[in-house]
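See structure below.
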Amino acid sequence: MSLQHYLVISSILFSLGIFAVLTRKNAISILMGIELILNSCNLNFVAFSRFVTPAESIVGSEVFRFDGQIIAIFGIVLAAAEAAVFLAIILAIYREFGSIRPDEVDTLKG
Amino acid sequence: MEFTLKTFIFYGFALITIASALAVVTVRNIVHAAFALMVTLFGVAGLYVFLQADFLAATQVIVYVGGILVLILFGVMMTSGRLEMRIHIERGQLLLGGGISLALLMLLLTVIANTPIWKNLTDDGSPLTPTTKRIGELILNEKFLLPFEVVSVLLLVALIGAALISRKEVRD
Amino acid sequence: MIVPLISIILLAPLAAFAIFALLGLAKRNFPRQDYLSTVAMLAALGCSLLLIQEVVSDPKPITVEWLSLGSVTFSMGFYLDSVTVIMLIVVTLVSSLVHIFSIGYMHGDPRYSRFFAFLSLFSFSMLFLVVSDNLLGIYIGWELVGLCSYLLIGFWFEKDSAANACKKAFLTTRVGDIGMFIGMMMLFAEFGTLSLYGDSGIFEEVTTLESGQIAWLSVAGILIFCGAVGKSAQVPLHTWLPDAMEGPTPVSALIHAATMVAAGVYLVARMFPILTPTSSLVIAYVGGITALVAATIAIVRFDIKRVLAYSTVSQLGYMMLAIGAGSYVAGLFHLTTHAFFKALLFLGSGSVIHAFHAMHAHHDDEHAESDEHDDHSLVHEHGSEIPPDQDMRNMGGLRKKMPLTFITMLIATLSISGVPFVFSGFWSKDAILGGVLGQAMASNSPHYYILFGMALIAAGITAFYMFRLIFMTFFGEPRNQEMHDMAHESPWVMTVPLIVLAALSFPAVNILWFNENYIEPPPQHHIHSPQRVYVSPDSKTADANSGISLFGISEAEAAEDESGHDAEHASDGHHGHGPAHTIAMVLSICVAGLGILLSWLFYHKRRFSAEAVATTFRPAYNLFWNKYYFDEFYDGVLVALTVWKSRLFAGFDLSVVDGIVNGVGTVTRDVLAAFIGFFDNRVVDGLVNRVAAVTWSAGGRIRRIQTGAIQTYLFVVIGGIVLIILIFRLF
């Protein structure tokens with residue numbers, strides 16, 4: 001279980017998330033895609049933190065492998081905030097347009 | 001690399017994660033997709049355990065599955081009528097999106113494959129040590145205190161903002 | 001003394017004119033311009049008389065540098081010799097008398113002051129012409145007198161006839177002036193100077209020419225003579241002078257009888273040294289023909305002033321003939337005497353016209369609209385509209401009404417007719433006839449015999465028509481009783497000049513001309529042929545003094561003097577010696593007597609009817625009456641040619657020049673401008689519009705990129721990222 005394994009999983013999750021964002025016709029599905037992307041990122045952070053440790057994070061004999069994890073925690077927090085705001089926006093859009101299809105919300109169309 | 005139970009479980013989690021993620025993006029029923037997402041999040045949490053991040057894994061399950069996923073389901077229910085429950089996909093968009101995603105994946109895999117040092121960085125087999133105490137110290141006492149506070153404020157702002165945006169009517 | 005005197009002579013009349021002109025600028029009249037001008041002329045006359053003694057036998061030009069053009073310097077200056085002084089006296093004297101006469105004649109004219117100012121200007125110009133020592137100065141004076149003549153002929157410019165006459169005079173003389181100018185330029189081109197006297201003057205330079213080089217000199221001389229032909233009204237440019245009688249009569253007396261027309265003769269006399277045999281012969285022929293032609297025309301005129309005008313032309317022809325025949329002194333002598341008696345005749349006719357004119361004005365008052373009617377009733381023959389107060393057929397019997405005018409005019413008529421011995425006209429005319437005959441006998445050339453015959457016939461005709469004038473005007477019964485009753489003797493300001501001029505018609509007062517030492521003809525260097533020297537063909541000068549030396553000429557003249565003759569007692573003429581003058585004198589007395597007798601028979605005794613003779617010799621009569629058809633010829637040929645040519649040029653202008661201009665305009669407008677307009681509209685505007693349209697449509701197309709759909713943007717963003725990474729990976 002080298003770093004490579006995690007990176008491959010993360011890449012696949014990321015690509016799937018991108019695919020969902022690009023192709024789904026439902027705002028909530030897009031949100032799910034975004035969650036996938038965030039998860040892949042978090043996974044990357046933790047994996048790199050686990051396997052690649054910067055020299056300065058070694059204090060004495062203790063090896064600090066927590067930077068990635070903490071950033072991942074922040075990422076989860078951000079994901080929560082993001083999900084909350086996203087859903088609020090979706091609700092507002094739904095009230096405005098009666099739909100949450102992203103291709104129907106095109107007021108900015110040139 | 002010997003094929004141990006640990007390895008077997010790892011691959012199992014990886015497979016569950018990827019498969020469920022695939023389900024998230026392919027299932028046409030949005031509620032099914034949400035549940036597939038839940039599986040994926042569990043899978044990722046499992047992977048975190050493999051990475052010696054027990055606290056993070058727990059947080060992942062609590063926050064994501066217990067919070068975000070419920071939020072998503074609420075969103076689904078509040079916005080979707082019966083017709084909207086099914087996800088429409090256009091063929092052209094699907095192909096193009098698939099192409100781009102696939103290209104991105106190939107790109108990433110190529111990069112990963114062409115970086116041998118990552119292949120050599122393997123699990124040293126060190127035991128899973130509790131990380132909660134250390135993370136608590138880092139967040140609340142040491143170098144991540146300030147980001148932690150900022151994130152707190154961010155969360156607060158996000159909650160207020162979300163509440164404001166999703167209010168039924170704006171009365172002046 | 002010479003310089004101050006000549007300055008006064010020139011500046012006094014000029015000042016009189018300048019005062020008028022300057023006050024005229026201030027829109028005011030000098031109230032007594034008449035006295036101012038007259039006093040100025042009298043002052044000039046006094047100075048001229050003083051000059052007689054100042055001019056010694058060796059005159060020198062007084063010159064100042066005038067202007068320099070490159071290497072050529074033109075000088076202005078005066079040359080005073082005896083001829084100049086005599087001319088000065090003649091001009092100032094006649095001018096003074098005319099001024100005085102005009103005070104009466106022009107009384108009450110609305111432009112009274114202007115008349116005197118013009119007379120002053122004319123006097124200045126004429127005097128300037130006379131005293132100039134170079135051709136340039138002479139030419140300036142020449143044109144100035146021409147201008148004054150123009151102004152004064154057209155003085156009553158309200159009359160169409162006067163306005164036409166002044167234009168005719170100016171243009172006709174201009175024809176001659178062009179010739180004169182060309183002649184001057186020929187001399188200038190050859191000698192590089194226009195000065196006549198002095199060491200490098202033309203007269204000195206001309207002595208250096210070889211006899212083989214003088215062909216061009218003949219041409220130059222004839223060309224300069226052309227100016228004189230115009231100014232002195234010689235055939236064929238004589239037609240302007242009779243028409244010039246439209247001017248006031250004093251003007252006719254001063255300008256067109258005594259002075260300006262004589263300027264041509266004076267010019268030829270001045271240029272005497274450069275005349276060659278050829279040019280002399282041309283001059284003599286022109287003079288002779290003029291004398292005869294003008295005299296024959298004068299016979300049939302009824303307008304008193306026209307008769308005198310043709311008489312003037314005829315007499316000027318005499319003078320030209322004299323100079324052309326080498327009788328330099330005789331020509332100038334006749335110029336002087338003619339100036340006096342012809343001025344007298346004109347002023348006398350002016351007196352008559354004035355007498356009638358007062359009546360005529362009165363008549364007009366009574367019949368305000370009858371003027372035109374009167375004119376027509378009095379004009380019986382075509383071609384000449386004679387004002388009633390100038391028509392001799394309205395006169396007659398004025399002898400008793402105007403005794404002073406009658407007597408003085410009779411004296412002048414006797415003088416011009418050549419009544420022997422007591423009248424100066426006889427002596428001068430006889431000098432010419434004798435000179436021509438002498439030339440003929442000496443040269444044995446048929447030319448001069450012919451010229452002598454012409455001159456002799458002209459002399460007889462002159463006597464005839466002059467007495468015709470006298471008989472018709474002063475004798476017989478009044479033909480128009482109404483006009484006759486109104487006629488009266490003129491006031492003293494008019495009669496006094498008549499009396500003075502009458503006195504001048506006697507030889508005694510022309511004493512200068514009979515002083516042989518006073519006037520010497522200048523030498524003619526290129527007349528080498530023995531028979532071509534001076535008035536005395538029988539003198540020894542013929543062979544011996546044909547050369548260069550002025551001294552030799554003087555000697556020749558002195559030799560002439562030995563035969564001794566003074567005006568008072570000489571019976572054989574001024575310069576006449578020997579058979580030539582005797583024959584000439586006898587013949588001239590005969591023809592004059594014959595002319596007077598015939599005139600007496602025709603017009604006083606009415607023994608013969610002039611009408612019957614006219615009927616008998618109808619072709620000749622018509623020829624004379626129509627003035628040899630000169631005017632008709634000019635009108636029919638020259639004027640018509642000019643008009644035709646002008647029309648041609650006008651047509652050329654209108655069709656070709658305007659056509660080119662309009663064509664260019666059309667091409668510019670219709671082709672070039674259209675092309676440019678097209679280019680502007682289509683290319684330039686098209687470019688601008690096309691750019692706008694392209695931008696518009698591009699904007700229309702490009703804005704579709706802005707779909708507003710989030711996923712489209714995401715496609716692009718992610719696709720772009722992939723692409724960028726791919727590119728960086730691959731390269």
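Note on naming: letters A, B, ... go to the chains in the order of the sequence lines (proteins, then strands), and numbering restarts at 1 for each one.
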Compare all side-chain heavy atoms of A:Y94 with those of B:M78 and state whether any distance is below 4.5 angstrom. no
Looking at side-chain heavy atoms only, is the closest gap between B:L47 and A:I9 below 4.5 Å? yes
Can you find a heavy atom in the side chain of B:I30 that is under 4.5 Å from one in the side chain of A:I28? yes
Does the ring center of A:F48 lie less than 6.0 Å from the ring center of B:W118? yes
Where B:A113 and A:Q4 come nearest, the two heavy atoms and their spacing: CA-NE2, 3.8 Å
If you tally heavy-atom pairs under 4.5 Å between each of B:L107, B:I72, B:V111, B:V63 and chain A, the highest tally belongs to B:I72
Using heavy-atom distances under 4.5 Å, tell me whether B:F74 contacts chain A through its side chain, its backbone, both, or neither. neither
Between A:Q69 and B:Q52 (side chain of the first, backbone of the second, donor and acceptor by atom type, cut-off under 3.5 Å), is there such a pair? yes
When B:T59, B:L41, B:I135, B:L159 are compared by non-hydrogen pairs under 4.5 Å with chain A, the top option: B:I135
Backbone N or O of A:L22 within a donor-acceptor pair of the B:Q93 side chain at under 3.5 Å? yes
Chain A heavy atoms under 4.5 Å from B:A34: which part of the residue, side chain, backbone, both or neither? both
Flag the pair B:Y48 / A:Y6 as yes when their ring centroid distance falls below 6.0 Å, and as no otherwise. no
How far apart are the closest heavy atoms of B:G75 and A:L87, and which atoms are they? CA-CD2, 3.6 Å
So B:I139 and A:I70, do their side chains get closer than 4.5 Å, heavy atoms only? yes
Check whether B:I117 gets within reach of chain A through its side chain, its backbone, both or neither, counting any heavy atom under 4.5 Å. neither
Quick one: what part of B:L104 sits under 4.5 Å from any heavy atom of chain A, side chain, backbone, both or neither? both
Pairing donors with acceptors under 3.5 angstrom, does anything connect the side chains of A:N39 and B:Q60? yes
Should B:F50 and A:R50 be marked as a side chain to side chain contact (heavy atoms under 4.5 Å, CB included) after you check the CA-CA gap, both sets of side-chain angles, and the distance that decides it? CA-CA 10 Å; B:F50 277 91; A:R50 168 72 178 81; over 6 Å; no
Any donor-acceptor pair under 3.5 Å from B:S101 side chain to A:F19 backbone: yes
For B:V25 against A:L16, the heavy-atom pair lying closest together: CG1-O, 3.2 Å
Do B:I165 and A:L91 have side chains that approach each other closer than 4.5 Å (heavy atoms only, starting at C-beta)? no
Do B:L154 and A:V77 pass the side chain to side chain contact (heavy atoms under 4.5 Å, CB included) test, and can you show the C-alpha distance, the side-chain angles, and the key distance before you say yes or no? CA-CA 9 Å; B:L154 176 72; A:V77 172; 5.7 Å; no
From the options B:T17, B:L105, B:L22, select the one residue that forms a side chain to side chain contact (heavy atoms under 4.5 Å, CB included) with A:I12. B:L105
Quick one: closest heavy-atom pair of A:R24 and B:T26, and the distance? NH2-CA, 3.5 Å
Residue pair B:F148, A:I73: steps toward the side chain to side chain contact (heavy atoms under 4.5 Å, CB included) verdict: CA-CA 10 Å; B:F148 179 73; A:I73 290 168; over 6 Å; no
May I ask you to name which of B:L71, B:T40, B:L109 has the most heavy-atom pairs under 4.5 Å with chain A? B:L71
So which of A:A83, A:S11, A:A20 has the biggest tally of heavy-atom pairs under 4.5 Å with chain B? A:S11
Testing the basics here: between A:A84 and B:A162, what is the closest heavy-atom pair and its distance to 0.1 Å? O-CB, 3.6 Å
Show your working on side chain to side chain contact (heavy atoms under 4.5 Å, CB included) between B:I68 and A:F86 and close with a plain yes or no. CA-CA 11 Å; B:I68 294 171; A:F86 195 102; over 6 Å; no
Closest non-hydrogen contact found for B:G98 with A:T23 is N-CG2, 4.5 Å
Greatest number of heavy atom pairs closer than 4.5 Å to chain B - which of A:L13, A:V46, A:V85, A:I18: A:V46
